[in-house]
Amino acid sequence: MSIWEYFYTMHLTQACECVSAGPSLVGVVRKDWASDNSIALSWTEVEQQPNDILDYEIKYYAKEQEQSGYSSTRTKALSVVVTGLKPSTVYVFHVRARTAAGFTAYSNKLDFSTGDSGVAADQGQVLVVVTAAVGGFSLLVILTLFFLITGRCQSFIKAKRKSDDKRRDRFQNVLPVPGIKTYVDPDEDPTQAVHQFTTEIDPSRIRIERVIGAGELGEVCSGRLRTPGEKDIPVAIKTLKGGYAERQRRDFLREASIMGQFDHPNIVRLEGVVTKSTPVMIVVEYMENGSLDSFLRHHDGHFTVVQLVGMLHGVASGMTYLSDMGYVHRDLSARNVLVDEGLVCKVSDFSPSRVLEDHPEPAFNTMGGKIPIRWTAPEAITYRKFSSASDVWSYGIVMWEVMSYGERPYWEMSNQDVILSIEEGYRLPVPMGCPVALYYRRSCL
Ligand code: ACK
């Protein structure tokens, strides 16, 4: 189980339940058939369910290897065939629905075996995942988050600095989950990475309609992408402005070679790139509601807590996936999350050079780099030690941004004051209207 999965399971799921007691919208899950490598499942709809289910997520793992990770798949139907399984192996499955407000609770866990048609049912198990699967790595992350949110430990930063060296190796290397492919750093061979992970689009297929914003190296436009025999799809197009240096072109396309490796409903999808003509472009799915921070600021007070938690759930799912892939984002914030028309939140902005150079957020220069201080974990600010654990810290700040409808973290405090205050134990206070269950993790545990 990754730290994100653990974090999510322990924190958001329980918070959601505390806040909303959201029911599972999935009825009885059955095994229809199994072969050596596949299992077919189907389930029923529960009565009186809202008709806004977008799709279902099926999560599964080999029972014997519970601690080494899980895989998941999605379907819009009430059934699925899960393939690529090992013969004569018991797998644990559970299913949940996704609505516009986010995921609902999981169904009960069920054990089904490949290679025979019998059902090894253990239908009494419920979703209670506690300490057994948790290594010291996850525990430290939870503690980090605990201190971030509660601000209970005045000496936390000092004590943490002392232990940082010891922890460094454990935090830095995120072990990828078996069954999920691992992120490949495009820096190893940038040209090859663009070829390998992106699709070249003929520019005649792109229709640019209007400018919607400014990127670091050019404009961001909205438009349409035509695919022969299919309907045009709305897209956002990032362009690289003329007169660029080769290094800027490489940095620009680097983001595409990172995005092109991801395939998750909460990560903004890359459609392709234009590299063989000018302007050089990156084409991604269009997110109707734009950045999460400005979206929330424009809709102050418009959402229920369940809807806000649904948005956070999406971000957590995307971050779980990135962490499982071994990718550290380093710049997670509400401005780098995009929102679609169904309120689904997707993590975006994979331009790591910006974290260190031209970040739009006033940045603090430490050890030769620039860092978005308000969102960055103390060990990353002090030692440039970025990891999935420091991404969890940033996620805590995103939680605060979401629950306060896009308020600026630490308001008008200077970056230097933020650093000093955090060192002294100050933490962001509970946002107005935020349930205590969400703010204080311990109240749910
Ligand atoms: O808040 P916004 O409207 O959402 O303004 C910024 C702007 O471009 C500069 O980044 C918008 N933007 C970026 N990517 C996308 C996208 N994939 N879909 C829709 N809007 C986007 C962002």
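Residues take their numbers from the sequence shown, with the count starting at 1. In each ligand, atom 1 is the first atom listed, and ligand 1 is the first ligand listed.
Electrostatic pairing of R96 and E57 counts as a salt bridge here, judged by a charged N lying under 4.0 Å from a carboxylate O.
Remark: the backbone N or O of L225 is not paired with any side-chain donor or acceptor of R205 at under 3.5 angstrom. H313 places no side-chain N or O within donor-acceptor distance of the main-chain N or O of V309, the cut-off being under 3.5 Å.
W43 has its ring centre less than 6.0 Å from the ring centre of Y56.
With contacts defined as side-chain heavy-atom distances shorter than 4.5 Å, the pair R254/F350 does not qualify.
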Put together the list of close N/O pairs, under 3.5 Å, between ligand 1 and the protein, could you?
{"residue": "ligand 1", "atom": "1 (O)", "partner": "S291", "partner atom": "N", "Å": "3.2"}
{"residue": "ligand 1", "atom": "1 (O)", "partner": "S291", "partner atom": "OG", "Å": "2.9"}
{"residue": "ligand 1", "atom": "1 (O)", "partner": "S294", "partner atom": "OG", "Å": "3.1"}
{"residue": "ligand 1", "atom": "4 (O)", "partner": "S291", "partner atom": "N", "Å": "3.2"}
{"residue": "ligand 1", "atom": "4 (O)", "partner": "S291", "partner atom": "OG", "Å": "3.1"}
{"residue": "ligand 1", "atom": "17 (N)", "partner": "E285", "partner atom": "O", "Å": "3.0"}
{"residue": "ligand 1", "atom": "18 (N)", "partner": "M287", "partner atom": "N", "Å": "2.9"}

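Using cut-offs of 30° and 60° for the angle between ring planes, the Y321 and H264 rings count as tilted.
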